[in-house]
Amino acid sequence: MKTLESITACFAKLTAKNHPHLVQKKSTFESAFANLRVLIALLLCASAAFFIVSGTVLAVFRPQAPVSKRTLTFADRVFYQRAIEEVYWQHRIWPKENLKPKPSLDEVMSATQMEQKVEDYLRDSQALQVYSQTPIAPEQLQAEMERMARDTKKPEILRELFEALGNDPFVIAECLARPVLTERSVADLSASDKGQRFALLRAQAVGSKSSVTTLGTTTYVLPEISTSLCTDDTWTATSTTGVPEAREFHTAVWTGSEIIVWGGQGNLSRLNTGGRYNPSTDAWTATSTTNAPEVRAVHTAVWTGSEMIVWGGADGTILLNTGGRYNPSADTWTATSTAGAPEGRTAHTAVWTGSRMIVWGGATDTSFLNTGGRYDPSADTWTATSTTNAPEGRQLHTSVWTGSQMIVWGGADSSILLNTGGRYNPSADTWTATSTTGAPEARTVHTAVWNASEMIVWGGYNGTSLLNTGGRYNPSADTWTATSTNGAVPEARLGQTAVWSGSEMIVWGGFDFVGFLNTGGRYNSSANTWTATSTAGAVPEARLGQTAVWSGSEMIIWGGTTGALQSTGGRYCAPAGPTPTPTPAPHPPFFSGETALGGGFYYLQFRNGTPFGYYSYLPAQNFIYHLDLGFEYFFDANDRHDGIYFYDFMSNHFFYTSPSDFPYLYDFTLNAWLYYLPDASNPGRYSHNPRWFFNFATGQWINL
């Protein structure tokens, strides 16, 4: 029988297995110091294998002090560009639901794409020089470095960027400040280039791979990075320099290091343009339009960990069932397949499961839909969602992802407003209705967030009046709890935005039939209390149709309309408290309960006395780690089959078991049974070596 210590070690090993990039980074760093001669040789050859080494190591081999007549070859610039991209990649969010380890930067951005980034900013810098008859001056680059250091909203990331460039002010000026300053100058000039002279020069300019920069006796000074953190309940305006054009009903995602906004309704037409706002440098970068999806608004977008996927919406004439995957590292677009895709629609919802984007609901020109699809970006394929027991068709509803299910709720079906919904299990392709007992009144144009154990819906329109009510839905118990209407609850509204900060739901903006709003509130679901958001300082102008994301310490809102379309936004500071530990899902009725063993480990058995075994809860709700069988299980009580579905991360297969069959595990993918022998010397334990496999083709049991 395993000791608790060995079990803990096994669990730690599993965690390392799921995050090999973290282990690899440490071992690469340590081995580099163990063999400096090899490291020096590799650095001199600009080997990509050691680009992830920290800026401290780079500083040993790259001069830190500014010197005269310094040059940077194209290879030098690519070397440093990769160091920059590695910092951003390490901060990109890899959703916990993703079943595979986070890939390396090389897997999402090729060497050719890295070189293209450098060529692009050299080309634009050259075009600016020809247009203005003067190159970008060293004083301008120094000023740009100082602006970044002074205005950064993510000082910790900017500090990592400086370190990745060896804290060398010359390299920082040329490889970090020059691209940012060039991008901003190009955006400003393109907006005023009525005669298209600059556009022509830009098209004719060629970034040469043999180009070098010689700056004579120029001396740069490394600026001191601001250490100021945001102050709770305060607003700061987002930069308007190089910002995308004003719009509403666009989409936005947070990648972990930047916000990406795309599409929407502009002043003259629907848009297929967008921008990436980087808080660490307080700068905007335009998203590529090469191969971008056609213009659209009222579409959806999700973040996968390496790409933003946009889908659906309307271009002003037709409804769309097309979309695109945007890779911010490479600044490239890839179209989503239309084979098997759901029909075109607008006002639908989308969630990301960790491996699939699920779109559902919405409206066509003639009907309201209860159909949808699961999109697999790795295979570029669609699978329809079941309509058996699905909620009635609707639009302007809300959806959240719980970690195992998509919950849809509310919305409108023609002239009927709804307080119904459903839980969709993509593993089984099944729907379960949400309870209407104690549910909030029917509504549309409301908001919803997931707080790790509950869906919180709030606000909206009930067909007669605006609402400042809401409810918390617990999918494990299928129960509703009303949100408080006491204290600082925001005034009734529709069309507001909402984010979950890790400890609070923050709602802001919207419309109250009298005018646009710039007020909001923070809802603490644990205490069932509200706190008003500040309206002082740089609070954005009241608006509707904006987007909002949570950056880890701030809510960033952008765009929308105040009566006129906006390209402005704001950052609302609300430092997140500790993320609540998800409450383990109640055991299905065929379990008799659990026995806590201490150290986070438990013992469980079926009602009929069959032991289920020893396990530990994982951070993601509804996941456990079975200590004997070595699998991570996903609980999903299914009354029809009276059993449990679970997922094996090692084989990427779904299994099913039941009290009568356990420990027989049915593999849906292989159409086979796995059988684990009980350990006769340790009641309640199982021997996973040997284990037995039943081959349906031959009718034989095989010892594995």
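Thr71 contributes atom OG1, which lies 7.0 Å from atom CZ of Phe170 (distance to the nearest 0.5 angstrom). Expressed to the nearest 0.5 Å, how far NZ of Lys154 lies from CD1 of Ile225 amounts to 14.5 Å. Taken to the nearest 0.5 Å, the CD1 atom of Ile259 stands 13.0 Å off from the CH2 atom of Trp550. One finds the CD atom of Gln265 at 7.0 Å from the CG atom of Leu271 (value rounded to the nearest 0.5 Å). Here the straight-line distance linking atom CD1 of Ile136 with atom CD of Glu174 works out to 8.5 Å at 0.5 Å rounding. The structure places CD1 of Ile84 at 4.5 Å from CG of Leu165, a figure rounded to the nearest 0.5 Å.
Not a single salt bridge (charged side-chain N to carboxylate O under 4.0 Å, His left out) links Arg270 to another residue, sequence neighbours left out. For Thr383, the side chain to side chain contact (heavy atoms under 4.5 Å, CB included) criterion is met by Arg374, not counting sequence neighbours. Checked against side chain to side chain donor-acceptor pair (under 3.5 Å), Thr300 has the following partners two or more places apart in sequence or in another chain: His348. Take Ser288 and apply the side chain to side chain donor-acceptor pair (under 3.5 Å) test, not counting sequence neighbours, and it matches no residue. Qualifying salt bridge (charged side-chain N to carboxylate O under 4.0 Å, His left out) partners for Arg147, counting only residues two or more places apart in sequence or in other chains: Glu144, Asp282. Contacts of Glu554 classified as salt bridge (charged side-chain N to carboxylate O under 4.0 Å, His left out), with partners at least two apart in sequence or in another chain: Arg571. For Glu294, the salt bridge (charged side-chain N to carboxylate O under 4.0 Å, His left out) partners are Arg296, not counting sequence neighbours. With sequence neighbours excluded, no residue forms a side chain to side chain donor-acceptor pair (under 3.5 Å) with Glu156. Take Ser378 and apply the side chain to side chain donor-acceptor pair (under 3.5 Å) test, not counting sequence neighbours, and it matches Asp376.
No side-chain donor-acceptor contact under 3.5 Å links Arg247 to the backbone of Gly559. Checked by atom type and distance alone, the side chain of Thr152 pairs as donor or acceptor with a backbone atom of Ser280 at under 3.5 Å. Looking only at distances, a side-chain donor or acceptor of Gln142 sits under 3.5 Å from a matching main-chain atom of Val221. Checked by atom type and distance alone, the side chain of Trp89 never pairs as donor or acceptor with a backbone atom of Ser306 at under 3.5 Å. No donor-acceptor distance shorter than 3.5 angstrom exists from the side chain of Trp360 to the backbone of Gly373, with no hydrogens or angles considered. Using a distance-only test at 3.5 Å, with no hydrogens or angles considered, a donor-acceptor pair links the side chain of Thr353 to the main chain of Arg356. Judged by distance alone, the side chain of Ser257 and the main-chain N or O of His91 form no donor-acceptor pair under 3.5 Å. Between the side chain of Glu107 and the backbone N or O of Ser104 there is at least one donor-acceptor pair closer than 3.5 Å. The backbone N or O of Glu258 lies less than 3.5 Å from a partner atom in the side chain of Thr255, making a donor-acceptor pair.
Salt-bridge check for Asp124 with Arg178: failed, with every basic side-chain N at 4.0 Å or more from each acidic carboxylate O. A salt bridge between Asp120 and Arg123 is present, with a side-chain N of the basic residue lying under 4.0 Å from a carboxylate O of the acidic one. Between Glu163 and Arg159 no salt bridge is recorded (no basic side-chain N to carboxylate O distance below 4.0 Å).
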Notebook entry, point to check: Can you list the steps and then say if Phe162 with Leu176 is a side chain to side chain contact (heavy atoms under 4.5 Å, CB included)?
Noted result: CA-CA 9 Å; Phe162 279 18; Leu176 185 63; 3.8 Å; yes

Next item on the list: Would you sort out whether Val171 and Phe79 count as a side chain to side chain contact (heavy atoms under 4.5 Å, CB included), showing the intermediate values?
Entry: CA-CA 11 Å; Val171 174; Phe79 176 91; over 6 Å; no

Next item on the list: Check step by step if side chain to side chain contact (heavy atoms under 4.5 Å, CB included) holds for Thr332 and Asn291.
Entry: CA-CA 8 Å; Thr332 55; Asn291 298 321; over 6 Å; no

Check: Checking side chain to side chain contact (heavy atoms under 4.5 Å, CB included) for the pair Leu72/Tyr80: CA distance, chi angles, key distance, verdict?
Finding: CA-CA 10 Å; Leu72 284 178; Tyr80 289 120; 4.2 Å; yes

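Taking each heavy atom of Tyr375 and Pro377 in turn, the nearest pair found is O-CD, 3.4 Å. Between Val310 and Ala301, the shortest heavy-atom distance links the atoms CG1-CB, 3.8 Å. Scanning all heavy atoms of the two residues, the minimum distance from Gly323 to Pro293 falls at C-CG, 3.8 Å. Minimum interatomic distance between Leu319 and Gly344 (heavy atoms only, all atoms of both residues): CB-C, 3.8 Å. Across every non-hydrogen atom of Ser337 and Asp380, the tightest pair is N-OD1, 2.9 Å. Counting all heavy atoms, side chain and backbone alike, Pro342 lies closest to Val359 at CG-CG2, 3.9 Å.
Here the side chains of Leu222 and Asn167 are in contact, with some heavy-atom distance below 4.5 Å. Between Ser269 and Val295 there is no side-chain heavy-atom pair separated by less than 4.5 Å. Looking at heavy atoms from C-beta onward, Pro328 lies out of side-chain contact with Tyr88 at the 4.5 angstrom threshold. Looking only at side-chain heavy atoms (C-beta outward), Trp558 and Val243 come within less than 4.5 Å of each other.
Among Glu85, Gln113, Arg92, the one residue that satisfies the side chain to side chain donor-acceptor pair (under 3.5 Å) test with Ser329 is Arg92. The only option from Gln81, Arg77, Glu183 that meets the side chain to side chain donor-acceptor pair (under 3.5 Å) definition with Tyr121 turns out to be Arg77.
Sorted by first and then second residue, the salt bridge (charged side-chain N to carboxylate O under 4.0 Å, His left out) pairs with a member in residues 302-314 read Glu307-Arg325; sequence neighbours excluded. Within the structure, ring-ring contact (aromatic ring centres under 6.0 Å, His included) pairs that include any residue of residues 316-341 comprise Trp262-Trp333, Tyr326-Trp333 (at least two apart or interchain). Residues in residues 308-323 take part in no salt bridge (charged side-chain N to carboxylate O under 4.0 Å, His left out) pair, two or more places apart or across chains.
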